[in-house]
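To keep things clear, I will list the structure first and then write my remarks on it.
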Amino acid sequence: MTAYEPPGAPDPAAPYDAVVLAGGAARRLGGADKPGLRVGGRPLLDRVLAACATATTTVVVAEPRQTARPVEWAREEPPGGGPLAALDAGLRHISAEHVVVLSADLPFLDEATVRRLLDALRTGGAPQGPARPDGVLLTDPDGRDQPLVAAYRADVLRRELAALAVDHGGVTGLPLRRLTAALDLTRISDPVASFDCDTWDDIAAARARIREHGNVLDEWISAVKDELGIDLDVDTGALLDVARDAAHGVARPAAPLTTFLVGYAAAQAGGGPEAVAEASRKAAALALRWAAEDTPDAKPASDAKPTSEAKPTPDAG
């Protein structure tokens with residue numbers, strides 16, 4: 001195991017690609033459409049896509065569906081062939097030297113964590129340290145590897161997948177550990193970002209956490225920005241100060257922040273009553289979904305559905 005040390009000075013703009021595996025059977029969720037389950041008003045898949053939004057190319061290996069961000073679509077052959085087959089299908093659509101490989105059920109993954117993984121991969125730890133690892137992955141609170149919350153050297157993945165295919169007559173059905181056992185990996189402990197949703201209890205725990213006092217505003221603002229298609233860093237403290245001064249104190253701080261974002265989205269769309277009405281409608285619908293999740297004993301609903309706007313990309317090879 002290669003120990004992780006703080007990186008030197010990697011280039012934050014260095015390109016990378018992302019492969020998101022979103023086609024599992026979700027047996028412990030009774031076969032529910034796990035990538036479409038909402039946490040904090042957003043499908044799990046959209047939350048993961050937001051974390052890798054700076055990728056040059058993002059490939060989702062699954063049947064096409066509506067997503068908040070544009071992606072390319074791929075599918076393993078045969079469908080349901082397992083994580084290695086899905087990873088192989090996704091890698092056929094990317095060209096960057098480094099690739100972030102993610103599952104679609106990570107509610108707390110964020111862009112900072114993705115950058116941390118990439119920085120450690122590019123630097124190999126300290127500037128004068130050992131050679132760069134083949135990959136960098138997160139570990140969960142029990143120290144278990146999470147190979148689908150990781151950054152890898154794409155050429156190494158292709159080489160090892162090809163070797164496995166020769167040895168086993170293909171990679172369909174093979175477990176991920178057959179791949180990771182052959183790699184030099186760096187581990188980073190992150191009990192929050194590595195949290196994945198395999199059961200209804202996991203979904204409930206994720207929904208409860210984002211409603212905690214220290215998280216709820218940031219989560220809500222991120223959800224609204226994603227819903228309205230806004231790519232904007234919001235200084236929530238300054239906005240709340242303005243609202244407090246103007247309204248002599250704010251009892252419901254989400255309201256002025258949401259109003260600001262609705263106005264910004266309407267302006268980006270050209271302004272006018274129609275733009276304001278559409279942005280307001282989207283934010284109001286999101287608020288209703290957010291509130292509905294607080295119903296005791298309610299299972300989260302999946303509203304994701306195929307759309308004619310989704311354009312699947314045929315698998316190469």
Side-chain angles (χ1 to χ4, degrees), residues 19-52 60-63 65-68 76 79-87 100-110 113-114 117 137-150 173-177 179-180 187-212 214-216 218-220 222-223 226 286 289-305:
V19 173
V20 181
L21 307 188
R27 292 182 179 86
R28 285 192 279 174
L29 286 166
D33 174 26
K34 182 160 66 168
L37 295 177
R38 285 191 163 92
V39 172
R42 291 186 291 166
L44 286 170
L45 176 57
D46 280 344
R47 297 180 72 92
V48 173
L49 294 178
C52 59
V60 179
V61 185
E63 287 297 317
R65 66 171 69 227
Q66 183 174 337
T67 55
E76 72 272 26
L84 287 190
L87 177 58
V100 174
V101 178
L102 306 168
S103 60
D105 60 352
L106 303 165
F108 305 125
L109 184 68
D110 57 20
T113 303
V114 169
L117 291 167
L137 52 74
L138 296 190
T139 58
D140 68 13
D142 297 321
R144 292 185 294 255
D145 286 353
Q146 299 296 314
L148 297 184
V149 199
L174 293 180
L176 268 173
R177 63 178 177 272
L179 173 66
T180 55
R187 273 84 174 175
I188 299 176
S189 176
D190 193 327
V192 176
S194 64
F195 182 89
D196 57 0
C197 292
D198 289 327
T199 67
W200 290 115
D201 285 344
D202 293 337
I203 293 289
R207 291 169 54 195
R209 186 181 187 280
I210 66 169
R211 293 173 181 276
E212 293 173 357
N215 301 321
V216 66
D218 286 342
E219 286 286 350
W220 171 247
S222 295
D226 226 33
L286 177 63
R289 295 200 301 269
W290 181 282
E293 290 181 1
D294 207 29
T295 303
D297 301 323
K299 290 183 178 180
S302 169
D303 295 341
K305 41 184 177 259

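Computed from heavy atoms alone, side chains included, the values below leave out hydrogens, waters and symmetry copies.
Looking at V101 and L87, their side chains come closer than 4.5 Å, going by heavy atoms from C-beta outward. Looking at T67 and V60, their side chains never come closer than 4.5 Å, going by heavy atoms from C-beta outward. Residues L37 and C197 are not in side-chain contact: their nearest non-hydrogen atoms beyond the backbone lie 4.5 Å or more apart.
Note that CG of L176 and CG of L21 are 7.5 Å apart. Values are rounded to the nearest 0.5 Å. In this structure, CG in L174 is found 10.0 Å from CG in L179, a value given to the nearest 0.5 Å.
Taking both residues in full, the closest heavy atoms of L44 and P107 are given as CD2-CB, 3.9 Å, listed atom of the first, atom of the second, then distance. Residues T139 and S189 approach most closely at OG1-CA, 3.3 Å, considering heavy atoms. In plain terms, the two heavy atoms of A62 and A22 that are nearest each other are CB-O, 3.6 Å. Across all non-hydrogen atoms, the minimal contact from T180 to P147 is CG2-CB, 3.8 Å. Between A50 and R42, the shortest heavy-atom distance links the atoms CB-NH1, 4.2 Å.
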TODO: Start with the C-alpha gap between D201 and T199, add the side-chain angles, then the distance that decides, and say whether side-chain hydrogen bond (donor to acceptor under 3.5 Å, both in side chains) holds.
DONE: CA-CA 5 Å; D201 285 344; T199 67; 5.0 Å; no

- [ ] Would you check, one step at a time, whether the test side-chain contact (heavy atoms from CB on, under 4.5 Å) holds for R209 with F108?
- [x] CA-CA 10 Å; R209 186 181 187 280; F108 305 125; 3.6 Å; yes

TODO: Would you check, one step at a time, whether the test salt bridge (Lys or Arg N to Asp or Glu O under 4.0 Å) holds for K34 with D198?
DONE: CA-CA 8 Å; K34 182 160 66 168; D198 289 327; 3.3 Å; yes

Task: Residues R47, L109; criterion side-chain contact (heavy atoms from CB on, under 4.5 Å); working and verdict - done: CA-CA 8 Å; R47 297 180 72 92; L109 184 68; over 6 Å; no

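Judged as a side chain to side chain donor-acceptor pair (under 3.5 Å), and not counting sequence neighbours, the contacts of D142 are R144. Applying the salt bridge (Lys or Arg N to Asp or Glu O under 4.0 Å) criterion to D196, with sequence neighbours excluded, gives no partner residue. In this view, D190 and T113, R116, L138, V192, A193 satisfy the side-chain contact (heavy atoms from CB on, under 4.5 Å) rule, not counting sequence neighbours.
For the pair Q146 (side chain) and A150 (backbone), a donor-acceptor distance under 3.5 Å is absent.
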